[in-house]
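Shown next, in structure tokens, is the structure this report addresses.
Just the heavy atoms: all of them, side chains too, but no hydrogens, waters or symmetry mates, feed the values below. Numbering starts at 1 and runs along the sequence shown. Fair warning: this is a prediction, and the values are worked out from it, not measured in the lab.
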Amino acid sequence: MLSKRCPFPDVREKSAAILSGVQELGIRIPRPLGHGPSRFIPEKETIQVGKEDARMHTLFAESFATLGRLDNVTLVMVFHPQYLESFLKTQHYLLQMDGPLPLHYRHYIGIMAAARHQCSYLVNLHVNDFLHVGGDPKWLNGLENAPQKLQNLGELNKMLAHRPWLITKEHIEQLLKTEENSWSLAELIHAVVLLTHYHSLASFTFGCGISPEIDCEGGHTFRPPSVSNYCICDITNGYHGVDEIHASPAGSIPSTESVCEVEALMEKMKQLQECRDEEEASQEEMATRFEREKRESMFVCSSEDEESAATRDVSRHFEDTSYGYKDFSRHGMHVPTFRVQDYSWEDHGYSLVNRLYPDVGQLLDEKFHIAYNLTYNTMAMHKDVDTSMLRRAIWNYIHCMFGIRYDDYDYGEINQLLDRSFKVYIKTVVCTPEKTTKRMYDSFWRQFEHSEKVHVNLLLVEARMQAELLYALRAITRYMT
């Protein structure tokens, strides 16, 4: 344990007096249990509050004004201020601005969505928000205690979260034509956007190892600190009386192997670009490569892959706890490929959302574009690198796992650019995020910065959200026509 000498003796004396008074009153003071906003990223490598630049400070202020706190998601996302600004603006609009759904419904739908992935971090936050806006505490005893209208949303929630390719116009019709508890089209669009937002945010939460908030379960301890080693001023400065020297995560110490990994990836990108310039595969060959990649993606699984039972505390917010992700073409079941040329976000989904829930289509479109195009032209220690090929491979691999195909993309590039450990991480974070481990996080791109791994998670979040939206919005469009 490190011993720290308090630089202010008078503060030490006041601290001891305060502690003594608090103990006499029987009050227990919670202290943070973890170290920083992420279990995967050392606290010293995150952006420290008080050391942020002017733009980040503005974002922190806006986040605090909106949420009443600086949550750990914000403190990790701030690695990428341009994205965080768009994210906060969109989330604020969905939860607090004028819209088809009442405020308590919005937070309850957030709880339902996060619970599908057993994401207690998001569930706890929205339980508090739900009660704050006047939600009925009885609803929190289980989904069966919520209004039938919300219970009816459960089927769509589970399919969007785990098997969105199964959604049909008949599922939409059931929600819109239930006499007493029917949804309007505008309400349903609002609900679908909220569900997809929180499914994908659960992926970010697990993918970046977001730590519980201090006021939530698992985020604090009441164990008294050793007063002889430090004082209350240390707590406020982020020192919690434990050894702050952590073992370096995998990849933090440069090794010949990990440096070669970066060089090899850059060389592959260069070769692929040269091949593009020389010749272009036929449409038949492109289709064959897509089907091959789609088929291979079914067999990408982690050695740590195992069934995880939902805890009662979270599972009560949804029905059918056994329903989870299943590869779309396993067990002989064939689902037709979703061709973006037939139904895309840009040409179809965007206008449908904007028509029924004004301005939200624009906000989502901006967020998708920022995540997809975000670049600092760096790769690990290299600068002035065009990363567009790599970003497109990540985005298209995620959509490929959902059966979504771009006719103009050569899916042969994915196997060249994404190695097995990276594919395992991507598939886990996107499809079963609750199974993500620090080992998975550490094992891919070992020489890259933590900010670059967070950048990867932004791509995963937005590609997943768009994939879910495409299936849901296509079903709604088919119902309307």
Worksheet item: Do Glu85 and Arg55 meet the salt-bridge criterion of a basic N to acidic O distance under 4.0 Å?
Response: yes
Worksheet, complete the sentence: Given the options Tyr471, Trp165, Phe402, Phe338 meets ring pair (Phe, Tyr, Trp, His ring centres under 6.0 Å) only with Tyr471
Fill in: Derivation and outcome, side-chain contact (heavy atoms from CB on, under 4.5 Å), residues Thr375 and Arg391
CA-CA 9 Å; Thr375 183; Arg391 285 180 279 117; 3.8 Å; yes
Discussion item. To the nearest 0.5 Å, what is the distance between CG on Leu88 and CZ on Phe60?
Written reply: 10.0 Å
Discussion item. Quick check: closest heavy atoms across Gly207 and Val429, and the distance to 0.1 Å?
Written reply: CA-CG2, 3.9 Å
Discussion item. Checking Asp136 against Tyr108: is there a side-chain donor and acceptor pair closer than 3.5 Å?
Written reply: no
Fill in: Test item: His455 side-chain N/O and Leu374 main-chain N/O as donor-acceptor pair under 3.5 Å
yes
Discussion item. Regarding Thr428 and Thr436, do their side chains bring together a donor and an acceptor under 3.5 Å, going by distance alone?
Written reply: no
Worksheet item: In Å, rounded to the nearest 0.5 Å, how long is the span from CE of Met401 to NZ of Lys423?
Response: 10.0 Å
Fill in: Side-chain touch Tyr397/Leu418, heavy atoms, less than 4.5 angstrom
yes
Discussion item. Under a 4.0 Å threshold between the charged nitrogen and the carboxylate oxygen, would Arg439 count as salt-bridged to Asp442?
Written reply: no
Fill in: Sole residue of Phe444, Phe204, Tyr441 in ring pair (Phe, Tyr, Trp, His ring centres under 6.0 Å) with Phe40
Tyr441
Worksheet entry | Thr432 side chain vs Lys435 backbone, donor-acceptor pair below 3.5 Å | no
Fill in: Any donor-acceptor N or O pair under 3.5 Å, side chains His199, Asn157
yes
Worksheet item: What heavy-atom pair brings Ala191 and Leu153 nearest, and what distance separates the two atoms?
Response: CB-CD2, 4.1 Å
Worksheet item: Is it true that the side chains of Glu187 and Tyr105 contain a donor and an acceptor less than 3.5 Å apart?
Response: no
Worksheet item: Less than 4.5 Å apart, any side-chain heavy atom of Cys208 and any of Val454?
Response: yes
Item to complete: Would you check if the side chain of His348 reaches a backbone N or O of Ser344 as a donor-acceptor pair within less than 3.5 Å?
Response: yes
Discussion item. Taking the side chain as everything from C-beta on, heavy atoms only, tell me whether Leu75 gets closer than 4.5 Å to Glu43.
Written reply: no
Discussion item. Is there a side-chain hydrogen bond (donor to acceptor under 3.5 Å, both in side chains) between Tyr198 and His117? Walk through the geometry before answering.
Written reply: CA-CA 10 Å; Tyr198 283 104; His117 286 306; over 6 Å; no
Discussion item. Can you confirm whether Lys89 sits close enough to His92 that some side-chain heavy atom of one is under 4.5 Å from a side-chain heavy atom of the other?
Written reply: no
Worksheet item: Just by distance, do the side chain of Asn354 and the backbone of Gly361 share a donor-acceptor pair under 3.5 Å?
Response: yes
Item to complete: Carefully, step by step, assess Glu452 and Val456 under the rule side-chain contact (heavy atoms from CB on, under 4.5 Å).
Response: CA-CA 6 Å; Glu452 292 173 304; Val456 166; over 6 Å; no
Fill in: Short side-chain to backbone donor-acceptor contact, Thr477 and Leu473, under 3.5 Å
yes
Practice prompt. Can you spot which of Leu140, Leu125, Asp129 makes a side-chain contact (heavy atoms from CB on, under 4.5 Å) with Ile111?
Written response: Leu140
Item to complete: Please confirm whether the backbone N or O of Ser203 pairs with a side-chain atom of Arg464, one donor and one acceptor, at under 3.5 Å?
Response: no
Worksheet item: Pick one: which of Gln341, Arg392, His399 meets side-chain hydrogen bond (donor to acceptor under 3.5 Å, both in side chains) with Tyr406?
Response: His399
Worksheet entry | Full working for ring-ring contact (aromatic ring centres under 6.0 Å, His included) between Trp445 and Tyr425 | CA-CA 11 Å; Trp445 283 10; Tyr425 179 78; 9.6 Å; no
Practice prompt. Answer with yes or no whether the side chains of Tyr357 and His190 bring together a donor and an acceptor at under 3.5 Å.
Written response: yes
Worksheet item: Does any N or O in the side chain of Asn72 come within less than 3.5 Å of the main-chain N or O of Ser211, such that one atom is a donor and the other an acceptor?
Response: yes
Item to complete: Compute whether any side-chain donor of one residue and acceptor of the other, for Arg116 and His162, lie under 3.5 angstrom apart.
Response: yes
Discussion item. Strictly distance-based, threshold 3.5 Å: is any side-chain N or O of Ser86 a donor or acceptor partner for the main-chain N or O of Tyr83?
Written reply: no
Discussion item. Can you tell whether the side chains of Glu180 and Lys149 come within less than 4.0 Å, N to carboxylate O?
Written reply: no
Worksheet item: Considering residues, nucleotides and ligands other than Asp408, do more than 12 of their heavy atoms fall under 6.0 Å from its CG?
Response: yes
Fill in: Shortest non-hydrogen contact from Ala115 toward Val123
N-CG2, 3.8 Å
Discussion item. Please check this pair: side chain of His369 against backbone of Asp365, looking for a donor-acceptor N/O pair closer than 3.5 Å.
Written reply: yes
Worksheet item: Side chains of Thr90 and Val360: does their closest heavy-atom pair fall under 4.5 Å?
Response: no
Worksheet item: Do we see a donor-acceptor contact under 3.5 Å between the side chains of His171 and Tyr479?
Response: no
Item to complete: Would you indicate whether Tyr376, at its atom OH, is surrounded by more than 12 heavy atoms from other residues, nucleotides or ligands within a distance under 6.0 Å?
Response: yes
Worksheet item: Which atoms form the tightest heavy-atom contact between Phe79 and Glu45, and what is the distance?
Response: CZ-O, 3.4 Å
Item to complete: Could you tell me whether the side chains of Glu449 and Ser451 share a donor-acceptor contact shorter than 3.5 Å?
Response: no
Fill in: Val461 vs Leu201, side-chain contact (heavy atoms from CB on, under 4.5 Å): CA-CA, chis, key distance, verdict
CA-CA 7 Å; Val461 163; Leu201 189 54; 5.9 Å; no
Fill in: Contact summary for Asp98 and Arg106, nearest pair of heavy atoms
C-NH2, 3.9 Å
Item to complete: Over all heavy atoms of both residues, which pair between Pro433 and Ala202 is shortest? Give the atoms and the distance, please.
Response: CB-O, 4.1 Å
Worksheet item: With side chains defined as the heavy atoms from C-beta onward, is the minimum distance between Val192 and Leu469 less than 4.5 Å?
Response: yes
Worksheet item: Which distance, rounded to the nearest 0.5 Å, do you find between the CZ of Phe206 and the CE of Met440?
Response: 12.0 Å
Practice prompt. Drop me the distance from Ile41's CD1 to Thr46's OG1, to the nearest 0.5 angstrom.
Written response: 7.5 Å
Worksheet item: Relative to the ring of His107, is the ring of His126 parallel (under 30°), tilted (30 to 60°) or perpendicular (over 60°)?
Response: tilted
Worksheet entry | Check against side-chain contact (heavy atoms from CB on, under 4.5 Å), Leu95 and Leu103 | CA-CA 7 Å; Leu95 292 176; Leu103 296 182; over 6 Å; no
Worksheet item: Are Leu185 and Ile189 side-chain neighbours, meaning at least one heavy-atom pair lies under 4.5 Å?
Response: no
Worksheet item: Within a strict 4.5 Å, meaning less than it, do heavy atoms of the Leu458 and His80 side chains meet?
Response: yes
Discussion item. Under a 3.5 Å distance rule, please check whether Lys169 uses its side chain to pair with a backbone N or O of Thr481 as donor and acceptor.
Written reply: no
Worksheet item: Measuring from Ile210:CD1 to Tyr121:OH, what's the distance to the nearest 0.5 Å?
Response: 6.5 Å
Item to complete: Working to the nearest 0.5 Å, report the span between NE2 of His57 and CG of Leu59.
Response: 10.5 Å
Item to complete: Taking the six-membered ring of Phe87 (Phe, Tyr or Trp), confirm whether the NZ or CZ of Lys367 is under 6.0 Å from its centre and within 45° of its axis.
Response: no
